[in-house]
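Worksheet: one structure, shown below.
Owing to the predicted nature of the structure, the values given are computational and were not obtained by experimental measurement.
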Amino acid sequence: VVRAHAATTPASCGPSRGMEVSIIKLSPVLPHTNDDLTVQVTGRVTSAVESIDTKSVQVMARVLFCRRLNDCMPVFHYNASMCHLFQETGHGCSPLKAGENFVISKSWHLPLLMVRGTYTLLLQFHRPEDQMLVNRSSEYPYYSNAINSQFYRPEGEVIACYTLHQEVLASRSINVLRDYRDAIMAFLIAASSSRAIGSLFPFWSGGVLPQISGFLFIGILVGPYCANLVSQMHITIIGGLINRISLAFIAGAAGAEIFVPELYGLLAPMALQVLFICFLTVSICGGGMFLLVNLGVVAVPAITMQPTLAAKASLCLLMAAMMTARSPASAIAVIAELKCGETKAGNMAIGVTVLSDVAVLILFSLFSQLVRVATEGGTFGPRMALGVVLELGVSVVLGFLMGQILRLALPADGATGVADENEKVHSPGGKEELMQSSLLSTVGLAVRGLVLLVILSATFIFSEEAAQLTDGKLRLEPLLTCTVASCVCGHDKLRRDRLLEALSFWTPIVLLPFFTLAGASLQLSVVGEVLPAAMALVALRAAGIATGSIAAGSLSCWLFPESKTSPESVKFTWLTLLAQAGVTLGLVLEVQHNFDSEWCQPFATLVISVVVINQLLGPVCCRVALQHIVAAEESMANASGGFDTEMGSDSSDRGSEPDMDRASPDLPLITSTRSSVAGGAQGFVNRVYGVNKI
């Protein structure tokens, strides 16, 4: 993300009194010691004033080194008039009129022997000559932030204040290795604690909180907002790689769950769920926020900044479109924890989540163009829609090709069955031979999973870099590409079981660091700034999802009775769809990159706050809902005398599978590796002894 977007939207640390900064661009994007750094500030004069005299306005820049929040030390100070900065860049000192844009820049050389870590740029515009006119009642009202900006107030009248946080990395190889060493060790300690404590959250909460809530909680505790064991610099160094690998794997795991022969009876109900939820979420969120803002119930600066009702309505629709995104990672983690991946409830949650993330890309592209037309002028034509279809089509084609590579990396199923394994057990030395064989099988499984992880990660990175490689002419969707690749591979019946086994083995290994990092990366400071508006949008989103899901479920019961949708599924499916994460954050960055406007920063703050709240509440609701739905499906299966809750098939067709309840305790139970491997070493014990604990 940092490499893709060189321009950064700064955070406001106080109100604007005639001047606003929209973008601060650093070159290079990631500064290093012993390197030249250029800072370019882009802003404009607001309509609150007629003009600004560049000779009377001073620009004061302070650089502070921050060990943690509210623990910063000033290390550099620069003060000059805007006129002086304009002259350095070859521009005159004429006054800036209302609505006029300006660009100022300054370059420095970063010394070799400077402390590596997180630095904060505090940028303030002020009029020194008005110092005698400023009294206590008109003092500049600084916002509460991480560096206590009021302690660095310049002389005179402050008219604007902004902050920007940035890491400075090492340039010497030995220091680079030391920084990676520190980051990896800190993250390993954090992940170990997260694994040990997070796994107890379901027990401590009576089955309400999932493990990933524990992972998120521990991540918050060890992150920059608390203990600072995993600092912001550590997140910058290794966070991008962990996120890329994890998202590629999660998309692949979601795609593997989409198997059309098994989902045949659920395709129509899934389509109804996505259609109704997207339509009602956009309608309720968009219309609700438009009414709440215009009635003065909540304050949303990004909307109130718009000059016309059409611009306000289009921005509300864009915000609502982003609310249709889900969190495949959260759904997969909870489903894996509850071991309900083969149930109708699990498949419905995964299917709707994946399809919703495809739908949000289309809606976002269309409404982005609508916002551009409403705010900047132009026409809304079919060219934009064709561009979206082309990008999605190329992503699907690339995913299909990578799916063939995944197939080559997996062997076809062998003919070994339960009878062969039991014959080994009853032969002399058979049990030892079986244990050795199972150990080799586990090692081979881990290697196959690692190969799949490498292929999916390469696919994700290539898709992500496609825009840069083509100079922005072609943008692919990495999540969609990896999902299609795994889905294509999963439809090879000779390799499907191998694919599921390998993915199940690596699922807990990948999800643990991903959610620990997600907790450490949550921007909790922004939530307090827009809490009323964020809570309102969270409630509207939940209402849209609930209304759409219940309506679609009720209609499915009437139109598709063969799907045997339970009443609990109709009532609780919407709770499995509340989590929200990576896709939405990526779309926020797209908004900041595509629109050079003053409303981008408050818009991003609001949406990020909503994501933080939904990511904390979503997994809990998902676990509770899946427990109710799966229990109802099991009750229906028992009542129907053998009806299988997986896809509505008759369990009598599975006569070749061993009866685990009636098996002799001396007979090892060779069960499906897909469920047993999920526990890593415990899966090895399960396959050999047929028990859950040893």
Extract all donor-acceptor atom pairs below 3.5 Å that involve side chains of residues 288-302 and protein atoms in other chains or at least two apart in sequence.
from	atom 1	to	atom 2	distance (Å)
Asn294	ND2	Phe290	O	2.6

The side-chain hydrogen bond (donor to acceptor under 3.5 Å, both in side chains) partners of Ser549 (sequence neighbours excluded) come to Gln273

Thr516: what forms a side-chain hydrogen bond (donor to acceptor under 3.5 Å, both in side chains) with it, not counting sequence neighbours?
Ser194

Just to verify, what does Phe460 make a ring pair (Phe, Tyr, Trp, His ring centres under 6.0 Å) with, not counting sequence neighbours?
none

Apply ring pair (Phe, Tyr, Trp, His ring centres under 6.0 Å) to Phe279 and list each qualifying residue two or more places apart in sequence or on a separate chain.
none

State whether the side chain of Asn614 and the backbone N or O of Val538 hold a donor-acceptor pair below 3.5 Å, judged by distance alone.
no

Thr281 side chain vs Cys278 backbone, donor-acceptor pair below 3.5 Å:
no

Could you please spell out the steps behind the side-chain contact (heavy atoms from CB on, under 4.5 Å) verdict for Thr120 and Val63?
CA-CA 6 Å; Thr120 296; Val63 177; over 6 Å; no

Exercise: identify the closest heavy-atom pair between [X] and [Y]:
X: Ser16; Y: Thr46; result: OG-CG2, 4.1 Å
X: Val45; Y: Val49; result: CG1-CG2, 3.6 Å
X: Pro154; Y: Gln124; result: CD-OE1, 3.3 Å
X: Ala520; Y: Pro224; result: O-CD, 3.2 Å
X: Val57; Y: Ile52; result: CG2-CG2, 3.5 Å
X: Pro31; Y: Leu37; result: CG-CD1, 3.9 Å

Any residue meeting side-chain contact (heavy atoms from CB on, under 4.5 Å) with [X], in chain and number order, not counting sequence neighbours:
X: Ser356; answer: Val274, Arg326, Val352
X: Ala331; answer: Ile350, Thr353
X: Thr54; answer: Met82, Cys83, Phe86, Cys93, Leu96
X: Ser94; answer: none

Which residues pass the salt bridge (Lys or Arg N to Asp or Glu O under 4.0 Å) test with Lys97, sequence neighbours left out?
none

Measuring from atom [atom1] of [X] to atom [atom2] of [Y], what distance do you get when rounded to the nearest 0.5 angstrom?
X: Leu247; Y: Ile461; atom1: CG; atom2: CD1; result: 11.0 Å
X: Thr547; Y: Ile277; atom1: OG1; atom2: CD1; result: 10.0 Å
X: Arg17; Y: Cys161; atom1: CZ; atom2: SG; result: 11.5 Å
X: Glu464; Y: Glu477; atom1: CD; atom2: CD; result: 10.5 Å
X: Met305; Y: Ser47; atom1: CE; atom2: OG; result: 10.5 Å
X: Asn79; Y: Arg62; atom1: CG; atom2: CZ; result: 9.0 Å

Quick test of your reading: applying ring pair (Phe, Tyr, Trp, His ring centres under 6.0 Å), list the pairs with at least one residue in residues 50-69, sequence neighbours left out, ordered by first then second residue.
Phe65-Tyr119

Any luck finding a side-chain donor-acceptor pair between [X] and [Y] under 3.5 Å?
X: Glu167; Y: Thr236; result: yes
X: Gln166; Y: Thr118; result: no
X: Thr38; Y: Ser107; result: yes

Would you call [X] and [Y] a side-chain contact if the rule is heavy atoms closer than 4.5 Å?
X: Val607; Y: Thr584; value: yes
X: Met60; Y: Phe125; value: no
X: Ile613; Y: Met535; value: yes
X: Pro619; Y: Phe515; value: no
X: Lys106; Y: Val39; value: no
X: Val612; Y: Gln615; value: no
X: Val41; Y: Val103; value: no
X: Tyr152; Y: Leu64; value: yes

Aromatic rings Trp599 and Phe603: how do their planes relate, parallel, tilted or perpendicular, breaks at 30° and 60°?
perpendicular

List, one per line, each side-chain donor-acceptor pair under 3.5 Å for residues 311-325, sequence neighbours excluded.
from	atom 1	to	atom 2	distance (Å)
Ser314	OG	Ala310	O	3.2
Ser314	OG	Ala311	O	2.8
Thr324	OG1	Ala321	O	2.6

Begin from the C-alpha positions of Asn101 and Thr42 and carry the test side-chain contact (heavy atoms from CB on, under 4.5 Å) through to its verdict.
CA-CA 7 Å; Asn101 296 326; Thr42 302; 5.7 Å; no

Before giving the answer on side-chain contact (heavy atoms from CB on, under 4.5 Å), spell out for Thr163 and Leu123 the whole-Å C-alpha distance, their side-chain angles and the decisive distance to 0.1 Å.
CA-CA 6 Å; Thr163 60; Leu123 187 66; over 6 Å; no

Checking side-chain contact (heavy atoms from CB on, under 4.5 Å) for the pair Cys622/Leu578: CA distance, chi angles, key distance, verdict?
CA-CA 8 Å; Cys622 183; Leu578 292 180; over 6 Å; no

